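Working notes, beginning with the structure itself.
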Amino acid sequence: LRPAARTEAQFPEELFSVAAASALVAEVGEPQPIYGLNPTTPWPLASLTKLMSVLIARDFFMPETVIGITEETVPPQSSSGGLFTAGERFSADALARVALGISSNDAVDALARAAGYSRFLERMRERAASIGMRHTSFFDPTGLSSLNFSTAQDLRLLAEHILAEAPELFSVTREPS
């Protein structure tokens with residue numbers, strides 16, 4: 001881990017051990033990170049994609065909006081392990097909580113399909129650009145695509161945006177699943 005803004009005397013390296021190819025430690029609102037390790041190197045996003053997806057779902061739906069689960073959302077090879085059944089109906093808020101709480105691909109897929117899949121994905125890309133995530137790409141809303149990628153630096157921008165616009169999303173991630 002390399003010091004970015006603080007001196008080694010303030011944060012000695014021997015106090016930190018990071019087993020990651022990329023990392024960024026920063027204080028919210030402070031322009032200079034505390035530490036960085038390849039913060040501009042792009043990596044697959046995986047389930048971190050769901051943070052942007054749930055943020056975008058808020059643009060399309062009120063929390064109480066009812067969304068139906070379709071056959072398209074829960075195909076036989078579904079990753080939800082039987083959590084959803086076609087024909088069931090849930091509030092947008094419930095689907096968002098499941099998406100973030102247990103990283104449900106099917107919950108995110110239901111939200112994206114209800115909004116219009118292509119429109120939803122385009123809104124994800126637009127939001128990323130509008131908050132300065134220049135090294136981020138979204139090809140699907142669940143994070144399953146290896147073509148979804150970002151950098152630690154861009155994820156910092158997303159986290160700060162969520163904290164400013166929808167801090168309750170992070171509350172969901174702290175609840176027991």
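Because the structure is a prediction, the values reported are computed rather than measured.
- E126 CD to I56 CD1: the interatomic distance, rounded to the nearest 0.5 Å, is 8.5 Å.
- Residues passing the side chain to side chain contact (heavy atoms under 4.5 Å, CB included) test with P44: none are found, sequence neighbours excluded.
- Every residue was checked against the salt bridge (charged side-chain N to carboxylate O under 4.0 Å, His left out) condition with R119, not counting sequence neighbours, and none meets it.
- T49 places none of its side-chain heavy atoms less than 4.5 Å from the side chain of T142.
- Under a 4.5 Å side-chain heavy-atom cut-off, the cluster of Ile, Leu, Val, Met, Phe, Trp and Tyr residues that includes V108 has no other member.
- Every side chain to side chain contact (heavy atoms under 4.5 Å, CB included) that A166 has, sequence neighbours left out, goes to L55, R58, E168, L169.
- A cation-pi arrangement is absent between R127 and F138, since the terminal nitrogen or guanidinium carbon is not both under 6.0 Å from the aromatic centre and inside a 45° cone about the axis.
- Here salt bridge (charged side-chain N to carboxylate O under 4.0 Å, His left out) pairs that include residues 45-56, with residues two or more places apart or in two chains, number zero.
- Every residue was checked against the salt bridge (charged side-chain N to carboxylate O under 4.0 Å, His left out) condition with E165, not counting sequence neighbours, and none meets it.
- Inter-residue side-chain proximity for D59 and F120 is flagged as unmet; no heavy-atom pair is nearer than 4.5 Å.
- At least one side-chain heavy atom of L51 sits less than 4.5 Å from a side-chain heavy atom of L158.
- In this structure, F60 is not a member of the same hydrophobic cluster as M62, with clusters built from ILVMFWY side-chain heavy atoms closer than 4.5 Å.
- Hydrophobic clustering, with ILVMFWY side chains joined whenever heavy atoms are under 4.5 angstrom apart, keeps V54 apart from F139.
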Name each donor-acceptor pair under 3.5 Å that joins a side chain in residues 89-96 to protein atoms two or more places apart or in another chain, with its distance.
residue : atom : partner : partner atom : Å
S91     : OG   : A94     : N            : 2.9
D93     : OD2  : R97     : NE           : 3.2

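- Across I69 and A110, no two heavy atoms sit closer than the pair CD1-CB, 3.8 Å.
- Side chains of S47 and S103: a donor-acceptor N/O pair is present below 3.5 angstrom, by distance only.
- Residue V66 shares its hydrophobic cluster (ILVMFWY side chains chained together at separations under 4.5 Å) with no other residue.
- Under the 4.5 Å side-chain contact rule for hydrophobic residues, L48 and L147 do not share a cluster.
- With a 4.5 Å cut-off on side-chain heavy atoms, T136 and L157 do not count as touching.
- Contact detail for S22 and A152: the closest heavy-atom pair is OG-CB, 3.7 Å.
- Using a distance-only test at 3.5 Å, with no hydrogens or angles considered, no donor-acceptor pair links the side chain of S104 to the main chain of V98.
- Among residues two or more places apart in sequence or in another chain, the salt bridge (charged side-chain N to carboxylate O under 4.0 Å, His left out) test is passed with R113 by E72, D109.
- No donor-acceptor pair under 3.5 Å is formed between the side chain of D106 and the backbone N or O of V74.
- Of the possible polar contacts, one joining the S53 side chain to the P141 backbone as a donor-acceptor pair under 3.5 Å is found.
- The side-chain heavy atoms of L155 and L45, taken from C-beta on, include a pair separated by under 4.5 Å.
- Counting only heavy atoms from C-beta outward, the side chains of M133 and M52 approach each other to under 4.5 Å.
- Among residues at least two apart or in separate chains, salt bridge (charged side-chain N to carboxylate O under 4.0 Å, His left out) pairs with a member in residues 133-158 are R156-E160.
- Residues L24 and W43 do not share a hydrophobic cluster, defined by chaining ILVMFWY side chains whose heavy atoms lie under 4.5 Å apart.
- Among residues two or more places apart in sequence or in another chain, the side chain to side chain contact (heavy atoms under 4.5 Å, CB included) test is passed with A114 by F61, I67.
- Every side chain to side chain contact (heavy atoms under 4.5 Å, CB included) that F149 has, sequence neighbours left out, goes to P42, S137.
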